[in-house]
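Whatever order the structure lists ligands and atoms in, that order sets their numbers, starting from 1.
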Amino acid sequence: MTQYPHLLAPLDLGFTTLKNRVLMGSMHTGLEETGDWNRVAAFYATRARGGVALMVTGGMAPNPEGGVFPGAAGLYTDKDIANHRIVTTRVHDAGGKIAMQILHAGRYAYGPKCVAPSAIKSPISPFAPQELDEDGIEKQISDIVTAATRAREAGYDGVEVMGSEGYFINQFLVTHTNKRTDRWGGSYENRMRLPVEIMRRVRAAVGLDFIVIYRLSMIDLIPNGSTWEEVVQLAKAIEEAGATILNTGIGWHEARIPTIATSVPRRAFAWVTQKLMGEVSIPIITSNRINTPDVAEQVLAEGCANMVSMARPFLADPDFVAKAAAGKAAEITPCIACNQACLDHTFSGKLSSCLVNPRACHETELTIAPATTCKTIAVIGAGPAGLSAALTAAERGHHVTLFDKSDRIGGQLNLAKQVPGKEEFWGLVDYYDTMVAKAGVTLALGRVATPDDLAGFDEIIIATGVLPRDPAIPGQDGPNVVSYIDVLRGAATVGDKVAIIGAGGIGFDVAEFLVTDHSPTDHLPDWLQEWGVGDPAEVRGGLRAEGPQPDAPVRQVTLLQRKAEKLGKRLGKTTGWIHRAGLQMKNVQMIGGVNYEKIDAAGLHISHGADRSDPKLIAADTIVLCAGQLPERGLADQLIAAGQNVHVIGGADVAAELDAKRAIDQGTRLAATL
Ligand code: NAP
Ligand code: SF4
């Protein structure tokens, strides 16, 4: 008997059956734009082998004006069909099913030729769209229908029509972006004419035995978004027009409410999808922040949806479904919803990967093959770099001993998990615990490894991490000055007024930790209140009239940096705004362009600019040092001086801008070659 009866139950669609209730949601990985379709095929075939019932590709533009950016992948010509066929053939050979998403970006298209219902620029693009006339609208519909027929010709099992997240179709639905007075604007019947017409004509063109998913925005999270009555009306009309399945979209891209970041509670929007259950008779898929089989099972068991969509969890672990089915859920590499190697890459024009799985989108290039010679390998440091090196080496058949001076593995991940909104790190450390035991890695914890301990190993990998940088501020040795490590470990007493020196990722995390006494991420009603999310049946678009209502901050915090730029500018591209907005809601003062003059019992004395003008006291009971990191190279230097050959990885190698993404990537790649 499986632990996941709902998740693993087949879904009969009449003309075809899905083998379970898991859909891999659409993700733009950038793979198609490499032009290497074998690589694209390897990505999807790997996930098909892992047991997911149906995958949806990244958004494919139906025409150049609808591309998310100039040159975005699409399905415009016969040559494109041949490329896509490489993917569908490999997926089918692997026992999977795949649907192609048709994505018309409308005014979100990052190019001067973008088109939309009305000429209203979006806040997230510099390009004002051109308003379409009747012929222009007809062309867009016809191009979308042609893309669907080409998808069928290319061997796809279906298409997903992207109708949510504020893209083209969604832009017709709401008065926020549709000011038309013709038959495509005005009344809701007119505004929903476009999606219904598209669905009707797509179905007529592709026949009855082809999956057509419609991704419907169930809560827009923007001003003047759809009402719930409108959502239901559209869902019914889309069903009648021939959709096979309805998928859930949450929030427009321009919404100022996080919808998938790690601080969003798990399954935070399943209740929205649940409201639609019973309104239509076709299957409904729910989505957003579902990342474990237990959560997915619970969502289905509670009747929130007929299927679940997970996207990033399949970057983290292509074998998610197979492991769940085999009773090995603890071995699923968990997606921590950090966006660091997936969406942040996409939005920087880089190929996607995954922080916890560097092989994602690099399946053909980073291979973990059995070692030809079995070696003894010592890894010193059980943080992300050391853990990934140890596990990869062990997977290849090496005998690995993992040393750490702490009595537990995880390194700085154990600090990250203390931060409100970063609870996913608990699961990541648990996963590493499971895998270290399963891989048979010998643990030598709670001891400082010496050169004598390391004599006789074939390979030595130094992953000793980082040391906090000493900012050398006069008075920093006073009793009111503490390091971020002690704060996050709970080993420091922190007063009511705090100054934080350094506004990198850790300064922001420490500020969050100090202003929050319970994490809304652990309690959905609190999180919805914090960000001002309401029931779309009560408030249009799901935006509460009173706006965000966070709990009062539990301390008065000032966050400082020497650079004169906006604080948090270098945080993650897709998550930095959330960290900044979160701290602003808690009245954290953010001050840049400062010099640290001295610390005394009254607090932190600063001045401004090169001429050290405008001296000021930041009155504080406690000053927390978050001034960056330096490599901890003591052991490495000792061994190198003794003529030992060592590999140095992670923060011990380069501390500047170190994060878990680089550490895990470096550890995995090194161990793949030993
Ligand atoms: P960091 O990002 O390098 O920031 C260090 C901070 O210290 C900066 O604000 C810097 O600003 C300041 N600083 C540097 N030298 C200083 C000095 N001599 N005196 C006083 N201040 C000084 O390092 P971090 O915050 O320790 O984070 C370490 C790594 O972990 C980062 O790469 C970060 O990306 C990663 N991390 C990421 C997240 C995330 O949310 N993605 C969270 C936590 C950590 P000024 O030089 O302008 O003063
Ligand atoms: Fe998940 Fe982070 Fe990997 Fe993206 S990079 S898939 S958010 S763990």
Side-chain angles (χ1 to χ4, degrees), residues 25 27 29 260-264 289 291 310-318 320 333-346 352-361 383-384 412-413 415-416 418-419 421-422 424-425 427-428 431 465-473 476 483-485 488 500-513 559-576 578-580 582 590-596 604 606 623-630 650-651 654-665:
M27 286 178 282
T29 60
I260 60 167
T262 192
S263 57
V264 176
R289 287 294 282 120
N291 66 341
M310 291 177 267
R312 297 170 299 171
F314 285 99
L315 291 178
D317 198 331
F320 185 103
T333 317
C335 166
I336 55 170
C338 63
N339 287 356
Q340 278 177 251
C342 52
L343 276 172
D344 285 350
H345 278 209
T346 302
S352 283
S353 186
C354 172
L355 179 140
V356 296
N357 174 24
R359 292 202 66 227
C361 302
Q412 300 241 344
L413 300 176
L415 295 181
Q418 304 299 338
V419 177
K422 293 206 163 175
E424 289 293 349
F425 280 88
L428 183 58
Y431 160 77
V466 292
L467 291 169
R469 179 187 281 125
D470 174 2
I473 302 168
Q476 68 176 29
S483 113
Y484 72 88
I485 298 174
L488 293 177
I500 298 177
I501 290 179
I506 290 179
F508 268 77
D509 278 355
V510 167
E512 188 69 52
F513 180 85
L559 185 57
L560 303 109
Q561 72 179 18
R562 298 171 306 170
K563 287 186 284 294
E565 67 191 30
K566 181 166 79 174
L567 275 75
K569 190 177 165 203
R570 295 160 200 239
L571 296 176
K573 225 173 166 66
T574 61
T575 53
I578 303 170
H579 294 298
R580 282 192 298 274
M590 301 191 194
I591 309 179
V594 305
N595 308 300
Y596 305 114
L604 173 66
I606 59 168
I623 290 97
V624 187
L625 302 181
C626 305
Q629 330 280 337
L630 295 174
V654 181
E657 302 295 316
L658 172 77
D659 61 17
K661 179 180 79 174
R662 183 161 66 72
I664 292 172
D665 187 72

So, the side chain of S353 versus the backbone of A341: is there a donor-acceptor pair under 3.5 Å, distance only? no

Between the CD1 atom in I485 and the CG atom in L625, the distance rounded to the nearest 0.5 Å is 10.5 Å

Tested for side-chain contact (heavy atoms from CB on, under 4.5 Å) against I501, the lone hit among I473, I606, L559 is I473

Next on the checklist: I'd like to check whether I506 has a polar contact with ligand 1, where a contact means an N/O of the residue lying under 3.5 Å from an N/O of the ligand.
Outcome noted: yes

A student comparing G568, G505, G502, P468 should find that the heavy atom closest to atom 36 (N) of ligand 1 comes from G505

- Message: I'd like to know if the side chain of R312 and the backbone of C342 have a donor-acceptor N/O pair within less than 3.5 Å.
- Response: no

Result for side-chain contact (heavy atoms from CB on, under 4.5 Å) between C338 and one of V356, T574, L355 points to L355

Exercise. Does ligand 1 have any atom that is closer than 4.0 Å to a heavy atom of G572?
Worked result: no

CZ (R562) and OH (Y596) are apart, to the nearest 0.5 Å, by 7.0 Å

Below the 3.5 angstrom mark, is there an N/O of D659, backbone or side chain, next to an N/O of ligand 1? no

Honestly, for C626 the part within reach of ligand 1 (heavy atoms, under 4.0 Å) is backbone

Contact check: I501 vs ligand 1, nitrogen or oxygen atoms, below 3.5 angstrom: no

Under 4.0 Å from one or more heavy atoms of Q629, ligand 1 contributes atoms 24 (P), 26 (O), 28 (C)

Counting distance only, does the side-chain N/O of D344 pair as donor-acceptor with the main-chain N or O of G572 below 3.5 Å? no

So the atoms of ligand 1 within less than 4.0 Å of a heavy atom of D509 turn out to be 42 (C), 43 (C)

Ligand 1 to G628, heavy atom cutoff 4.0 Å, flagged ligand atoms 5 (C), 7 (O), 23 (O), 26 (O)

Shell check on atom 4 (Fe) of ligand 2: protein N, O or S atoms less than 2.8 Å away are C342 SG

Could you walk me through whether K661 and H345 pass the side-chain contact (heavy atoms from CB on, under 4.5 Å) test, one step at a time?
CA-CA 12 Å; K661 179 180 79 174; H345 278 209; 2.9 Å; yes

T333-N357 side chain donor-acceptor pair, cut-off 3.5 Å | no

Requested in this report: Could you tell me whether some N/O pair between Y596 and ligand 1 is separated by less than 3.5 angstrom?
Outcome: no

Note: ligand 1 atoms sitting under 4.0 Å from heavy atoms of Q340 are 41 (N)

side-chain contact (heavy atoms from CB on, under 4.5 Å) for F508 and R580? Distances and angles first, verdict last. CA-CA 8 Å; F508 268 77; R580 282 192 298 274; 4.0 Å; yes

When L488, V510, I506 are each screened for side-chain contact (heavy atoms from CB on, under 4.5 Å) with V419, the one that passes is L488

K422 heavy atoms within 4.0 Å reach ligand 1 at atoms 38 (C), 39 (C), 40 (O), 42 (C)

The option among H579, R662, K563 carrying the non-hydrogen atom nearest to atom 10 (C) of ligand 1 is K563

Worksheet item: If we only count heavy atoms from C-beta on, is the L560 to L604 side-chain gap below 4.5 Å?
Response: yes

### Task
Ignoring hydrogens and angles, tell me if any N or O in the side chain of R662 forms a donor-acceptor pair with the backbone of V654 under 3.5 Å.
yes

| request: Could you tell me whether some N/O pair between D470 and ligand 1 is separated by less than 3.5 angstrom? | output: no

Near Q561 (heavy-atom distance under 4.0 Å), the atoms of ligand 1 are 47 (O), 48 (O)

